[in-house]
Undergrad: 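Can you keep this structure in mind? I'll have questions shortly.
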Amino acid sequence: MNNKRGAGYIPACVMIIILTMLLSVFLTFVSAVNIVRQTKRNSRVVLDSYVMEESIAIYNSIKNGNDEAVALDSGSYIKSLCEFCTFAEKSNKLYSYSSDGDMQYYLSKPTIGYTKDKELKIYASYTVYIPIYFAGIRVDTAVIPVTVKSNFTEKF
């Protein structure tokens with residue numbers, strides 16, 4: 001006996017599986033882009049605050065007769081970033097955990113420096129690592145380099 005009644009559903013099932021996989025990839029990409037934008041925005045807020053603190057230190061130094069560039073303290077910036085974003089600092093990485101305690105993504109420790117000498121234009125550079133999961137199994141990690149810039153412009 002030749003039973004071919006169910007054979008017509010196979011192409012529809014395959015199409016549904018393919019569309020579901022494509023939707024999953026799209027949602028993973030959107031999630032990764034959102035994480036990068038969020039970390040970049042938070043880093044900029046902390047960097048702007050750091051620039052303001054440094055401008056005050058430079059101003060006070062000039063008032064006291066010193067005209068030396070202030071050395072950048074990356075430790076202070078990293079500490080402020082960890083407090084603002086609730087990162088957990090372990091070795092050379094900053095980890096972001098969900099409310100359930102699961103690791104969402106992590107960053108390399110940011111490095112900061114001047115973009116232009118004799119001016120308070122600072123950059124922070126780091127790499128965002130976003131784990132990619134498929135069916136609950138970690139498949140790969142997306143690696144995205146990020147550079148955030150901030151500067152202090154005098155207005156008289």
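Since the model is a prediction, treat every value here as computed from it, not as a measurement.
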Undergrad: Which pair of heavy atoms, one from Ser74 and one from Ile112, lies closest together, and at what distance?
TA: CA-CD1, 3.7 Å
Undergrad: Quick check for you: to the nearest 0.5 Å, what is the distance between Ile35 atom CD1 and Leu107 atom CG?
TA: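 Going from the CD1 atom of Ile35 to the CG atom of Leu107 covers 10.0 Å.
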Undergrad: Going hydrophobic residue to hydrophobic residue with side-chain gaps under 4.5 angstrom, can you get from Val143 over to Val30?
TA: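 Hydrophobic grouping puts Val143 apart from Val30.
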Undergrad: Is it true that a side-chain atom of Ser108 and a backbone atom of Thr127 form a donor plus acceptor pair closer than 3.5 Å?
TA: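 Yes; judged by distance alone, with no hydrogens or angles, the pair exists.
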Undergrad: Find out if a path of hydrophobic residues (ILVMFWY) with successive side-chain heavy-atom gaps under 4.5 Å connects Val148 to Tyr123.
TA: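 No, Val148 does not connect to Tyr123 through the hydrophobic network.
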Undergrad: Working to the nearest 0.5 angstrom, can you tell me the gap between Leu94 CG and Tyr106 OH?
TA: 12.0 Å
Undergrad: Where is the tightest heavy-atom contact between Val51 and Ser150, given as atom of each residue plus distance?
TA: CG2-OG, 3.6 Å
Undergrad: Which value, rounded to the nearest 0.5 Å, describes the distance between Ile132 atom CD1 and Thr28 atom OG1?
TA: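 Spacing of CD1 (Ile132) from OG1 (Thr28) equals 7.0 Å.
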Undergrad: Grouping I, L, V, M, F, W and Y whenever their side-chain heavy atoms are under 4.5 Å apart, do Val46 and Val146 come out in a common cluster?
TA: yes
Undergrad: Between Phe87 and Tyr105, which heavy-atom pair has the shortest distance, and what is it?
TA: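 The answer is CE2-OH, 3.7 Å.
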Undergrad: Quick check: closest heavy atoms across Val36 and Thr39, and the distance to 0.1 Å?
TA: O-OG1, 2.9 Å
Undergrad: Please report the shortest heavy-atom distance between Ile130 and Ile144, naming the atom on each side.
TA: CD1-CD1, 3.8 Å
Undergrad: Any link between Val128 and Val33 through a network of hydrophobic side chains (Ile, Leu, Val, Met, Phe, Trp, Tyr) touching at under 4.5 Å?
TA: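 No, Val128 and Val33 fall in different hydrophobic clusters.
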Undergrad: To the nearest 0.5 Å, what is the distance between OG on Ser49 and CG on Leu81?
TA: 11.0 Å
Undergrad: To the closest 0.5 Å, what do you measure between OG1 (Thr20) and CE (Met15)?
TA: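 Reported to 0.5 Å precision, the distance equals 10.5 Å.
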Undergrad: Is a donor on one side and an acceptor on the other found under 3.5 Å between the side chain of Ser96 and the backbone of Gln104?
TA: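 No; zero donor-acceptor contacts below 3.5 Å.
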Undergrad: Hey, does Ile78 have a side-chain heavy atom less than 4.5 Å from the side chain of Cys82?
TA: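 A side-chain contact under 4.5 Å exists here.
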Undergrad: At their closest point, which heavy atom of Lys149 faces which heavy atom of Arg44, and how far apart are they?
TA: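 Taking every non-hydrogen atom into account, O-NE, 4.1 Å.
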Undergrad: Check whether any side-chain heavy atom of Val139 sits under 4.5 Å from a side-chain heavy atom of Tyr133, and report yes or no.
TA: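 A side-chain contact is absent here, since even the closest heavy-atom pair is not under 4.5 Å.
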Undergrad: Let me check something: do Phe84 and Ile122 share a hydrophobic cluster, defined by ILVMFWY side-chain heavy atoms less than 4.5 Å apart, either directly or through other members?
TA: yes
Undergrad: Mind checking whether Tyr77 and Pro110 have side chains closer than 4.5 Å, heavy atoms only?
TA: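 SC-SC contact between Tyr77 and Pro110 confirmed.
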Undergrad: Rounded to the nearest 0.5 Å, what's the gap from OG1 on Thr111 to OH on Tyr126? Could you check?
TA: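 Taking OG1 in Thr111 and OH in Tyr126, the distance rounds to 11.0 Å.
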Undergrad: As a test of understanding, state which of Leu23, Ile17, Ile18 forms a side-chain contact (heavy atoms from CB on, under 4.5 Å) with Met21.
TA: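 For Met21, the side-chain contact (heavy atoms from CB on, under 4.5 Å) test succeeds with only one of Leu23, Ile17, Ile18, which is Ile17.
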Undergrad: Other residues, nucleotides and ligands only: do more than 12 of their heavy atoms fall within 6.0 Å of NZ on Lys93?
TA: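 Check passes, neighbour count above 12.
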